[in-house]
Chemist: 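First the structure, then my questions, so here it is.
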Amino acid sequence: MERNTETKKPAQQPVADGKEAGAAGQIALPFAHRPRFGRSDFVAAPSNVAARGWVLDAEAMWRWPEGRMALWGESGTGKTHLLSVWAARHGAPVIEGRRLNAQDVADLFQEGGFRALALDNADQVREEADLLHLINLVREQRMVLLMAGRASPARWPVSLPDLASRLRATASVPIGQAEEDLLRRLFLRLLAERQMVVAQPVTEWLLRRLPRNAGAIRDMAARLDAAALASGEKVTRALAAGVLESVLEEDATRP
C-alpha cells in the first residue's frame, strides 16, 4: 500500500447534512461521536432497504405507532449511521444509551427546541427506570423517538413490567447481514476516508478472507491504517496478513 502524502484533514463533524442539522445538536449532553455519518456516506443495499424506507422517508415517521421506532441488527450493520442521518435531518439530539440517566433527560427537556430524539445502544441503558422515563416523556410531549439496538425491543432483557409493555408496543425494523457488494464498497470507502491507496490485489486478498460482517471490515480498515502508520511502510501482502491474523483472532472471541 502507498499512503497519500497529503496532510490528513480533521475528521468530519457529526450530523453534517447541511441545513438539516438543527441547533438541538449543540446541547452539551453525552452525545455519541458520529464521524463521517452523512447520508451520502451510507451504503445502500438490499439488507437495509426496509430500514431506509421507515427511517429516511420524510413522511414515514409520522406513521410510527406510538411515535417510536427501533432499528435493530448485529454490530456493524449500519444502525448508528442510519440513526445519525435521521437525527441530522430532523434536528434531533442523539443520546448514547450506555450513558443515559435521569438528570441528563431532565436537562435535555428543559433546554427544549426539538421535536425528535434519537437513542443509540438503547438496549444497553443501565437503569431501566431511566429508559422508561424517557419513553414516557417523549410520549407525553408528542415527540418521536428513534432507537437502535442489537435485537428487537420485545427481546430486550427488562424486568420492569411497564417498560416491557412499552417495548412490545414499539415498532421495529431490522437491518440484515451485509451483502458481498456492500462489504466491498464499504471497505473501499473506509480506505479512501483514511487516504489510503491500497493495491487491488491486496484488497481482493483481504476481502476473500475477512469475516462476512461490516464490523470486521471497519476493524480491518482501522488496524491496517494504524499498522501502516506505525511501520512507515507500504501495505504489502505480508503486512496485511499480520493485521488480518489479529482481526480473525478477535472476531473468533466475539459472542
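Just so you know, residue 1 is the first one in the sequence shown, and it goes up from there.
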Chemist: Going through the distances and angles, do Asp107 and Gln103 end up as a side chain to side chain donor-acceptor pair (under 3.5 Å)?
Modeler: CA-CA 6 Å; Asp107 292 343; Gln103 186 58 56; 2.9 Å; yes

Chemist: How far does CD1 of Ile217 sit from CG of Leu183, to the nearest 0.5 angstrom?
Modeler: 5.0 Å

Chemist: So if you build clusters from Ile, Leu, Val, Met, Phe, Trp, Tyr with side-chain heavy-atom gaps below 4.5 Å, do Leu206 and Val243 land together?
Modeler: yes

Chemist: Please confirm whether the backbone N or O of Ala227 pairs with a side-chain atom of Ser231, one donor and one acceptor, at under 3.5 Å?
Modeler: yes

Chemist: Look only at the side chain of Glu96 and the backbone of Arg98, and say whether a donor-acceptor pair between them is shorter than 3.5 Å.
Modeler: yes

Chemist: Which heavy-atom pair separates Val235 from Ala228 by the least distance, and what is that distance?
Modeler: CG2-CB, 4.0 Å

Chemist: Taking everything shown except Glu74 itself, do over 12 heavy atoms lie less than 6.0 Å from its CD?
Modeler: no

Chemist: According to a 4.5 Å side-chain heavy-atom criterion applied to Ile, Leu, Val, Met, Phe, Trp and Tyr, with indirect links allowed, do Leu145 and Leu160 form part of one hydrophobic cluster?
Modeler: yes

Chemist: Looking only at heavy atoms, which two atoms of Arg223 and Ser246 are closest? And how far apart?
Modeler: NH1-OG, 3.2 Å

Chemist: To check you understand the geometry: which heavy-atom pair defines the closest contact between Pro174 and Ala51, and what is its length?
Modeler: O-CB, 4.1 Å

Chemist: Going by salt bridge (Lys or Arg N to Asp or Glu O under 4.0 Å), name the residues that satisfy it together with Arg155, two or more places apart in sequence or in a different chain.
Modeler: none

Chemist: Roughly how far apart are Met196 CE and Glu193 CD, rounded to 0.5 Å?
Modeler: 12.0 Å

Chemist: Indicate yes or no for a side-chain donor-acceptor contact from Asn213 to the backbone of Ala216 under 3.5 Å, with no hydrogens or angles considered.
Modeler: yes

Chemist: Go through the steps for Trp62 and Asp57 under the test side chain to side chain contact (heavy atoms under 4.5 Å, CB included), then give the verdict.
Modeler: CA-CA 10 Å; Trp62 304 116; Asp57 187 314; over 6 Å; no

Chemist: For residues Leu71 and Val144: do they belong to one hydrophobic cluster (side chain heavy atoms under 4.5 Å, members Ile, Leu, Val, Met, Phe, Trp, Tyr)?
Modeler: yes

Chemist: Mark yes or no for whether Asn121, through its side chain, and Gln124, through its backbone, hold a donor-acceptor pair below 3.5 Å.
Modeler: no

Chemist: With sequence neighbours excluded, what pairs up with Trp86 under the ring-ring contact (aromatic ring centres under 6.0 Å, His included) test?
Modeler: Trp64, His90

Chemist: So do Asn48 and Thr77 actually touch side chain to side chain, heavy atoms under 4.5 Å?
Modeler: no

Chemist: Say you draw a straight line from OG1 of Thr170 to CE of Met147; how long is it, rounded to the nearest 0.5 Å?
Modeler: 4.5 Å

Chemist: Taking Arg115 for the side chain and Gln141 for the main chain, is one N or O donor matched with an acceptor at less than 3.5 Å?
Modeler: yes

Chemist: Would you check if Met143 and Phe114 make a side-chain contact, meaning some heavy-atom pair closer than 4.5 Å?
Modeler: yes

Chemist: Can you confirm whether Leu224 sits close enough to Leu191 that some side-chain heavy atom of one is under 4.5 Å from a side-chain heavy atom of the other?
Modeler: yes

Chemist: Identify the heavy atoms of Ala60 and Gly53 that sit nearest to each other, and give their distance.
Modeler: CB-O, 3.6 Å

Chemist: Does the side chain of Ile135 come within less than 4.5 Å of Leu163's, by heavy atoms?
Modeler: yes

Chemist: Quick one: CD on Glu245 to CG on Leu248, what's the gap to the nearest 0.5 Å?
Modeler: 8.0 Å

Chemist: Answer yes or no: is there a donor N or O on one side and an acceptor on the other, between the side chain of Lys79 and the main chain of Arg150, under 3.5 Å?
Modeler: no

Chemist: Just by distance, do the side chain of Arg209 and the backbone of Trp205 share a donor-acceptor pair under 3.5 Å?
Modeler: yes

Chemist: Do you know the tightest heavy-atom contact between Ser47 and Leu182?
Modeler: OG-CD1, 3.8 Å

Chemist: Please tell me if the side chains of Val105 and His133 come closer than 4.5 Å, counting only heavy atoms from C-beta onward.
Modeler: yes

Chemist: Any side-chain heavy-atom pair from Ile95 and Asp104 closer than 4.5 angstrom?
Modeler: no

Chemist: Hey, could you give me the CZ/CE distance between Arg89 and Met61, rounded to the nearest 0.5 Å?
Modeler: 9.5 Å

Chemist: Mind listing the closest non-hydrogen atom pair of Glu66 and Ala169 along with its distance?
Modeler: CG-O, 4.1 Å

Chemist: Give a yes or no answer on whether the side chain of Asn101 reaches the backbone of Arg99 with a donor-acceptor pair at less than 3.5 Å.
Modeler: yes

Chemist: Please evaluate residues Leu207 and Phe187 with respect to the criterion side chain to side chain contact (heavy atoms under 4.5 Å, CB included), reporting the C-alpha separation (whole Å), side-chain torsions for both, the decisive distance (0.1 Å), and the verdict.
Modeler: CA-CA 8 Å; Leu207 283 167; Phe187 190 42; 3.8 Å; yes

Chemist: Which pairs pass salt bridge (charged side-chain N to carboxylate O under 4.0 Å, His left out) with one or both residues in residues 162-187, sequence neighbours excluded?
Modeler: Glu180-Arg212, Asp181-Arg185, Arg184-Glu204

Chemist: Are any non-hydrogen side-chain atoms of Leu82 and Trp54 less than 4.5 angstrom apart?
Modeler: no

Chemist: Can Leu244 be reached from Leu190 by stepping across I, L, V, M, F, W or Y side chains whose heavy atoms are under 4.5 Å apart?
Modeler: yes

Chemist: Can you hop from Leu83 to Val49 via hydrophobic side chains spaced under 4.5 Å?
Modeler: no

Chemist: Compare all side-chain heavy atoms of Leu117 with those of Pro93 and state whether any distance is below 4.5 angstrom.
Modeler: yes

Chemist: About how many Å separate CE of Met69 and OG of Ser172, when rounded to the nearest 0.5 Å?
Modeler: 7.5 Å

Chemist: Would Val158 and Leu131 satisfy side chain to side chain contact (heavy atoms under 4.5 Å, CB included), going step by step from the backbone distance to the final call?
Modeler: CA-CA 10 Å; Val158 299; Leu131 179 55; 5.7 Å; no

Chemist: Would a distance-only check, ignoring hydrogens and angles, find a side-chain to backbone donor-acceptor pair under 3.5 Å from Arg68 to Leu146?
Modeler: no

Chemist: Check step by step if side chain to side chain contact (heavy atoms under 4.5 Å, CB included) holds for Val202 and Thr236.
Modeler: CA-CA 7 Å; Val202 176; Thr236 60; over 6 Å; no

Chemist: Can you tell me if Arg52 uses its side chain to pair, donor with acceptor, with the backbone of Pro46 under 3.5 Å?
Modeler: no

